[in-house]
Every structure is written in structure tokens, then in C-alpha cells.
Protein chains: 2
Amino acid sequence: MVHIVDDDASFRTAIERRLKQAGYEVATYPSAQHLLDRLPNESELSCILLDMRIPGLSGPELQARLSELGSTLPIVFLTGYAEVPTTVRAIKAGAEDVLTKPVSSEELLGAIERALAHHQVTRNQRSRLEAVRAHIAKLTPREREVFELVIRGKTNKQVAVVLGATERTIKAHRHRVMEKMQVQSLAELVSLAERAGVLGDLPGTAQAN
Amino acid sequence: MVHIVDDDASFRTAIERRLKQAGYEVATYPSAQHLLDRLPNESELSCILLDMRIPGLSGPELQARLSELGSTLPIVFLTGYAEVPTTVRAIKAGAEDVLTKPVSSEELLGAIERALAHHQVTRNQRSRLEAVRAHIAKLTPREREVFELVIRGKTNKQVAVVLGATERTIKAHRHRVMEKMQVQSLAELVSLAERAGVLGDLPGTAQAN
DNA sequence: TTTACTATTGTCCCATGGGACAATGCGAAG
DNA sequence: CTTCGCATTGTCCCATGGGACAATAGTAAA
């Protein structure tokens, strides 16, 4: 599935025809706002073919907006002019590719293939991450506190002191944490936390210049 | 410190003058090979100002070469022509920025500032990573095996079975692993392993399309 | 008010982790 | 041949983790 955003109707249909012929499903949008109004389903394998210069929200602006909304849809930009600074910003902001019009079918299809392949990977990573975060979200405030300390290597006793509770209590919370996070060992718990970005930077390795 | 690679001598000296005036130390190289011959010190805060088109190894080729060599020096490309595909590749390959000639002092100094700031961060991350890897490298083969299993949540008993040894033996190895890795808890050990990329992808979350 | 969730703490008991002290066997480097 | 690093295993003992069973109390929702 490819989402085409371009204000030029004849261009849209031309590209649409090319992509459909290549076996892709296509949805077209005359403006960024049209796409925002019908946000593509994140879970469907797809990418966005986005014109850099369009009336209303510009391509990069739409990219920023989607990013704010947490979208991971890969974006392939199309631009009529070879604007290096814009290209640099777009790629650094995560665009999959930037193509110049007129674009050959080879370039176009290649870029779209890469974008879709990339989306597939991203989507999987994302779903794992969200699964972990969902589990964390189900922890009660107290359990969350215990969690934070446990993954940093604190023993039950140490956690008990910090949180002003009995070791026995911490044991109970810890047990529920392991349960809710669906892990069998401390190692797994730390792995998940690390991958979910719960553990900030480790102290002690700071380095001035 | 800024390393300038450009085949045009007059351009080199012009830029050199501008940068020195802005307070930077400068080293110039007439070709990619000259820079490779005197590889800049990774530990010094610096960046490379690299012309895209130079005789011999091209800019992107030098970039690839440095990358292979494990360099993390940030690269700011300079190009006389607005080549979008090349720009895209350069940025995706990790270039800090791509500027078009003629370049304003504002652009140039801004890009260099960002590159140096980025290098500072990268360098710190890198030194931490290397410290961890250095520790791992000091493990004996057997200790390494124990390490791999322990960070995946295996108990001493389980490790013992897998490696065909007594639980007591594993305990001994494990003890030395904790010692050599300089950590006090399993949680820290897992954190380090995770950050060093020792733990591959977790099984069980695969997802087909 | 009754139910449900959360936080808290206890005791008993067993499994596991980890330190102390000690020893054996093997292969490589000197 | 001797020294050194590595792998191996033992016993004793204590600290810590974790399951089972049980209970109290406050708060918020139904």
C-alpha cells in the first residue's frame, strides 16, 4: 500500500497507474491535510510518497506532524528541484529517500521497496516496544517504583530502605512486577527495561572535554 | 580541530583562513589518501570537511573507508553541484551535513559546530562501549560462555547442564565474570551486555506479515 | 454499602547466589 | 623442567530470592 500526496492531479494519477501496475495498492491525497484527516493504519504495511512542495502543509511539515503523532510510516520524498539543504533535513528527520522529478520507474519502485522493507522492520520493533510499555503501564505506582530500583540492581533490602517499607512488602511487589511483565528472571526484566528505554544513562562514565 | 580534504589548493587555504579566524585548529589534505595516511586521532574533538568530488578516492568512498576503519569522526560534505541522490546516500551513511559551494561562513560554521557537538556525544558513547568490550575481551572462552548464558537469565544449575559441568564450577566462572566486568549485580551485568549489543534479538516476538 | 484494587506485613521453608578456603589436572610459555 | 593461566570441583555457611498461605487497612468504584 502506497499513499501518494501531491497537489498535481495529473501527476498523482500517472504515478498511481505506474504503482498499480507494479502490484501496489494506492491511495491518493491532494494535500497533507487530506492525509492527516484519514490517517493511514500504522499496522498495515505501507509507505508515503510525498511531494516536497505542496500548498498548505509542506512535505517536511507533514513529516514533522506525523512524527509528532508517533507515526512510523516511511516517507519517500519527491521534489522538483534539487534542494540540498531540504534534502538533508528530510533524511535526517527520518525520510526513507528523496527522489527528483521526473523519476524513473526504476528509482521509484526501488525506493518504495526499500521503504516497505524498512517499515516491516520498524513495525516489528515498534510492536515489541509497545508491548513492553503496555506491561509497564499496568504496574501500580508502587510496583513501578520497585521496578525502577530492581532493574538498577538494588536488592529487596535496599529497595525496602529507599521506599520505607519492609523487605517482605517489597518481595510482594516484586513478585507482581515479574508477573505483570511476564518474565521469569531478573535478566529478562532488565533486558526489557533496557530496550524500552526505561534505564537512563548509567552514572559513572561521564567524561568532560 | 577541523580536517579539510579538498583538491583545490586555493579553496583549502580560503576555508582554512576562515576557520582559523573562527578559532579552530585546521589540518588540510589535498586528497583522501593523504588523510588516510595520517589518520586523525579519534580521541581529539574534531570533524572532517570533505569535498564530494576529489581525484582518487571520492568523498563518499573516503567516508565508507573511514567507517570500515571504525572511525566516528563526523563528516561535513561540500559539493559544487546539487546532487540529491549522492546527498541522500551521504547522509544515510552518517554524514553530519552536506553543504553546497559556495558556502556562507554562517552555514559552514554552523555545520562544523553541530558536527563537533555531535562528535563529543558520539565519542563518549563510544568510549563506554569500548570499555565494556574490552572487559568482555578479557574473559576466558569458558567464562564467555557462562556470561552469555547468565545474561539470558539462566540459573547456575541450567548453565551447568548446558555446559556439562558442575554447578560449583559455574559459580566459580560466574564469580570471575562479575569481577572482570566490574559489576556488583546481575542487573548491571545485563545492562552492560545489552548496551554492548551482546544480546541479540529476543526470541518469541517474531511476526510475519 | 459492598466489591475490587492496592499497599502492607507476617511466618515457614526451600532454592539459588555468592564468599572463603582449598585442591587437582592440563597445556602453553619460558 | 617449572611457572602460569585456565578449567574444574569440593565443603561450609550465610544472604537473598521467591513460593505458599494468610491477614489488615484504606480508597475508589459500583
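No experiment lies behind these values; they were computed from the predicted model shown. Every heavy atom of this structure was used, including side-chain atoms; hydrogens, water molecules and symmetry mates were not. Chain letters run A, B, ... following the sequence lines, proteins first, then strands; residues in each count from 1.
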Nearest-nucleotide 5' precedence on DNA chain D, A:Glu167 against B:Ile170:
B:Ile170
Would you mind classifying the nucleic acid contact of A:Thr169 as base, sugar-phosphate or nothing, using non-hydrogen atoms under 4.0 angstrom?
base
How far apart are the C-alpha atoms of A:Ile4 and A:Ile48, what are their side-chain angles, what is the distance that settles it, and do they pass the side-chain contact (heavy atoms from CB on, under 4.5 Å) test?
CA-CA 6 Å; A:Ile4 304 177; A:Ile48 300 175; over 6 Å; no
Give a yes or no on whether the backbone of B:Glu96 and the side-chain of A:Lys92 come within a donor-acceptor separation of less than 3.5 Å.
yes
If you count heavy atoms of other groups shown closer than 6.0 angstrom to CD of A:Glu68, is the number above 12?
yes
Please tell me which of A:Ala172 and A:Lys180 maps to the more 5' nucleotide of DNA chain C, matching each residue to the nucleotide holding its nearest heavy atom.
A:Lys180
Angle between the two end axes of the helix from C:dT1-D:dA30 to C:dG30-D:dC1, five base pairs per end, rounded to 10 degrees?
40°
Taking the side chain from A:Arg53 and the backbone from A:Thr79, do they hold a donor-acceptor pair closer than 3.5 Å?
no
Return yes when atom NE2 of B:His135 has more than 12 non-hydrogen atoms of other residues, nucleotides or ligands closer than 6.0 Å, and no otherwise.
yes
Tell me, with the steps shown, if B:Glu148 and B:Arg152 meet salt bridge (Lys or Arg N to Asp or Glu O under 4.0 Å).
CA-CA 7 Å; B:Glu148 297 277 354; B:Arg152 285 176 173 74; 3.0 Å; yes
Just checking B:Thr166: base, sugar-phosphate only, or nothing, at a heavy-atom cut-off of under 4.0 Å?
sugar-phosphate
Which value, rounded to the nearest 0.5 Å, describes the distance between B:Glu83 atom CD and B:Met52 atom CE?
6.5 Å
With a 4.0 Å cut-off on heavy atoms, is A:Arg168 in touch with a base, just the backbone sugar-phosphate, or nothing at all?
base
Counting N and O atoms only, with roles assigned by atom type, does the side chain of B:Ser31 sit under 3.5 Å from a partner on the main chain of B:Gln33, one being a donor and the other an acceptor?
yes
What range of DNA chain C does chain B touch, first nucleotide to last, counting atoms under 4.0 Å from its heavy atoms?
C:dT16 to C:dC21
